[in-house]
Amino acid sequence: MNAILNPPLPQTSAAPGDSSLGELVSAYLAVLANERASSPHTLRAYERELNNFVAYIVKTQGPDTTASAIEHTRIRAWLGSLFDRGLSKVSAARALAAVRSWFRWLARFGHVNQNVASLVATPKLPKHLPRVPSIEQMNRVIDSIDGSEEIEETAATWPTRDSVIFELLYGCGIRNAELTGLNLADIHWANEAILVRGKGQKQRYVPLGDSAAQAIRAYLAERQARLTAAQRNSDALLLNLHLRGTGRLSTRSVARIVKRIAVQRGLPADVHPHTLRHAFGTHLLEEGADLRSIQELLGHERLSTTQRYTQLTAAQLTQVYDKTHPRAK
C-alpha cells in the first residue's frame, strides 16, 4: 500500500501504446494519490478493481495487449464474468466505475482514442432508501451517553469522547473520515464553526451547535488530563482510549463505538456512522431546510446526491398516509 501512496509520477508524455497496462494502472493510481488526494480506502479499492480488470484482459487477450486494443465489448464481457463469479450488482457497478475513471484518464492523455468503458451500461441497481432513526430516537441515544442514564461499559468506554462522536456525526452531519481527521485547531470557537476536510481535501465550514460545543468542552478537560498523565501530545481532537500509535481515533473504532451505543439504546443493528449523517440531512429536510443549504452542509458536490433525502422523506410520508388516511385503506 505504501508503494501506491507514494508512487512515481506518471509520464503522460509517452505516445499511445508505449506503456503496459500495469504501468498505466500504476500511473493512474499515482494521480489519484498525489494530485487528487484520494483516501487510502479509495486507492485500495481502485487498485483492486483495476488489477482484476487487467488480469482478465491479459488472460483473454494476451499479456502484450495495449489499452487502445481494448474494446467496449471486451469490457462488457468482463462485467459479465463478475456476475458469473457471484458479485452483486452493486459490487459490479463499483468495479465498472473504476474502469471508466481509468479510461477517462487514458483518453485525456492520448493512451486511447476514446473512453470505450463509457459505452458499457451500468447494472441497474435496486433503490434502497437508508433507514434513519427518528429525531426522538437520536435525542434519546445522545442524551444517554453523558452518564445521565446507565449504559454498559462495553458500549461507552469514554463517555465524554463518545458523546462528541455522536454530536458531531449527527449534529454536524460530517463523514466518519472527516470526524477522525479533525484537529484541535479546526474548532473555531469565535465563529461557532468547525473546519472540515472532505473528499479530495475539499474544505468547508460547518456550524457548531450549542450541544456539540458543550460536549467538546466537557471532553477536552479529560483529553488533556489523559495526555498529561501519559506525557504525550497530540493535535487530534478525538483520541483512542489507550493512546496507541499517534493517539488519533480510527474510523474503524468510531464505527464500533457508534454501533455498540446505538444497539444498546435500542436502534437497529445496521446503524453505522453514515446512518447519523443520513439522519442529519433527513431531519433538516423534515424541519424545513432547503436542499441547497443541506447540500452545502453535507459537502455534496452534486445536488442530485442530496436529493435522495427528498426521496426518503417522501417514502416516510407515503407510509404515514397509508397508515392514517381513510381512503388509503
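Excluded from the calculations below are hydrogen atoms, water molecules and symmetry mates; all remaining heavy atoms, backbone and side chain alike, are included. For this chain, numbers begin at 1 and follow the sequence in order.
Formation of a donor-acceptor pair under 3.5 Å by the Asp186 side chain with backbone atoms of Asn183 is found in this model. Checking side-chain atoms of Ser26 against main-chain N and O of Gly22 turns up a donor-acceptor pair under 3.5 Å. Listed for the Thr282 side chain is a donor-acceptor partner under 3.5 Å among the backbone atoms of His278. Between the Glu178 side chain and the Arg175 main chain, a donor and an acceptor come within less than 3.5 Å of each other.
A 4.5 Å side-chain heavy-atom check between Leu227 and Leu243 finds at least one atom pair inside the cut-off. Put simply, the side chain of Gln264 does not reach to within 4.5 Å of the side chain of Ile261, judged on heavy atoms. No side-chain heavy atom of Thr246 sits under 4.5 Å from any side-chain heavy atom of Ser234. Contact of the Pro273 side chain with the Ile257 side chain is not registered, since no non-hydrogen atoms from C-beta on lie closer than 4.5 Å. Under the 4.5 Å side-chain criterion, counting only non-hydrogen atoms from C-beta, Val196 is not in contact with Leu179. Taking the side chain as every heavy atom from C-beta outward, Leu21 and Leu50 never approach each other to under 4.5 Å. Phe83 has its side chain out of reach of Ser88: every pair of non-hydrogen atoms, C-beta onward, lies at least 4.5 Å apart. For the pair Phe280/Leu284, a side-chain contact is recorded, criterion being any heavy-atom separation below 4.5 Å from C-beta on.
Counting heavy atoms of neighbouring residues, nucleotides and ligands inside a 6.0 Å radius, atom CZ of Arg232 exceeds 12 of them. Within 6.0 Å of CD on Glu222 lie more than 12 heavy atoms contributed by other residues, nucleotides or ligands. Heavy-atom neighbours of Asp210 CG from other residues, nucleotides or ligands within 6.0 Å: at or below the threshold of 12.
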Check step by step if salt bridge (Lys or Arg N to Asp or Glu O under 4.0 Å) holds for Asp270 and Lys259. CA-CA 8 Å; Asp270 59 355; Lys259 181 176 289 290; over 6 Å; no
side-chain contact (heavy atoms from CB on, under 4.5 Å) evaluation trace for Val258 with Thr275: CA-CA 10 Å; Val258 167; Thr275 305; over 6 Å; no
Could you go step by step and tell me if Gln224 and Thr228 meet the side chain to side chain donor-acceptor pair (under 3.5 Å) rule? CA-CA 6 Å; Gln224 187 56 50; Thr228 300; 3.1 Å; yes
Decide yes or no on side-chain contact (heavy atoms from CB on, under 4.5 Å) for Tyr46 and Asn51, but give the supporting numbers first. CA-CA 8 Å; Tyr46 272 61; Asn51 283 341; over 6 Å; no
Worked check of side-chain contact (heavy atoms from CB on, under 4.5 Å) between Leu32 and Leu29: CA-CA 5 Å; Leu32 293 180; Leu29 292 173; 4.3 Å; yes
Determine, stepwise, if the pair Thr160 / Ser163 fulfils side chain to side chain donor-acceptor pair (under 3.5 Å). CA-CA 5 Å; Thr160 57; Ser163 180; over 6 Å; no
I'd like to know whether Arg277 forms a side-chain contact (heavy atoms from CB on, under 4.5 Å) with Leu298, so could you lay out the CA-CA distance, the side-chain angles of the two residues, the decisive distance to 0.1 Å, and finally the verdict. CA-CA 8 Å; Arg277 178 171 160 86; Leu298 290 171; 3.5 Å; yes
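Within the model, atoms CD of Gln214 and CD of Glu167 stand 8.5 Å from one another, a figure rounded to the nearest 0.5 Å. To the nearest 0.5 Å, atom CD of residue Gln137 and atom CD1 of residue Ile142 are 12.0 Å apart. The distance from the CG atom of Asp143 to the OG atom of Ser211 is 8.0 Å, given to the nearest 0.5 Å. How far SG of Cys172 is from CD1 of Ile194: 4.0 Å, rounded to the nearest 0.5 Å. For the atom pair Arg140 CZ and Arg265 CZ, the distance stands at 7.5 Å (nearest 0.5 Å). To the nearest 0.5 angstrom, Arg252 atom CZ is 14.0 Å from Asn240 atom CG.
For the residue pair His111 and Ala67, the shortest heavy atom distance occurs at O-CB, 4.5 Å. Between Lys124 and Lys89, the shortest heavy-atom contact is O-CD, 3.1 Å. Heavy-atom minimum distance, Val164 versus Ala215: CG2-O, 3.4 Å. Pairing each heavy atom of Arg204 with each of Glu296, the nearest pair is CD-O, 3.6 Å. Across all their heavy atoms, Val132 and Ala279 have their closest contact at CG1-N, 3.7 Å. For Leu297 against Val206, the heavy-atom pair with the smallest separation is O-CG2, 4.0 Å.
Put simply, the residue from Thr65, Thr60, Val116 that forms a side chain to side chain contact (heavy atoms under 4.5 Å, CB included) with Arg74 is Thr60. When Asp162, Leu182, Thr180, Ile165 are each tested for a side chain to side chain contact (heavy atoms under 4.5 Å, CB included) with Leu238, only one passes: Ile165.
Hydrophobic clustering (side-chain heavy atoms under 4.5 Å, transitive across Ile, Leu, Val, Met, Phe, Trp, Tyr) keeps Ile216 apart from Leu195. Hydrophobic clustering places Leu276 together with Ile135 (ILVMFWY residues linked when any side-chain heavy atoms are closer than 4.5 Å, directly or through intermediates). In the hydrophobic clustering of ILVMFWY residues, with side-chain heavy atoms under 4.5 Å counting as a link, Tyr205 and Trp189 come out apart. Trp105 and Leu119 fall into different hydrophobic clusters, where Ile, Leu, Val, Met, Phe, Trp and Tyr are joined by side-chain heavy atoms under 4.5 Å apart, directly or via other members. At a threshold of 4.5 Å between side-chain heavy atoms, the hydrophobic network of Ile, Leu, Val, Met, Phe, Trp and Tyr places Phe166 and Val263 in two separate groups.
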Only distances under 3.5 Å count here; give the side-chain donor-acceptor pairs of residues 94-104 to other protein atoms, sequence neighbours excluded, each with its distance to 0.1 Å.
residue: Arg100; atom: NE; partner: Ala117; partner atom: O; Å: 3.4
residue: Arg100; atom: NH1; partner: Thr122; partner atom: OG1; Å: 2.8
residue: Arg100; atom: NH2; partner: Val120; partner atom: O; Å: 2.3
residue: Arg100; atom: NH2; partner: Thr122; partner atom: OG1; Å: 3.1
residue: Ser101; atom: OG; partner: Tyr28; partner atom: OH; Å: 2.2
residue: Trp102; atom: NE1; partner: Leu24; partner atom: O; Å: 3.4

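Not counting sequence neighbours, the partners of Leu241 by the side chain to side chain contact (heavy atoms under 4.5 Å, CB included) test are Thr157, Trp158, Arg161, Arg226.
Between the side chains of Arg76 and Thr73, not a single donor N or O lies within less than 3.5 Å of an accepting N or O. With no hydrogens or angles considered, a side-chain donor-acceptor pair links Ser293 and Asp290 at under 3.5 Å.
Taking the six-membered ring where the residue is Trp, His272 and His274 present parallel rings, their angle staying beneath 30° rather than reaching 60°.
The pair Arg248-Asp235 does not count as a salt bridge, with every side-chain nitrogen at least 4.0 angstrom from each carboxylate oxygen. A salt bridge is absent between Glu49 and Arg44: the closest approach of a Lys/Arg side-chain nitrogen to an acidic carboxylate oxygen does not fall below 4.0 angstrom.
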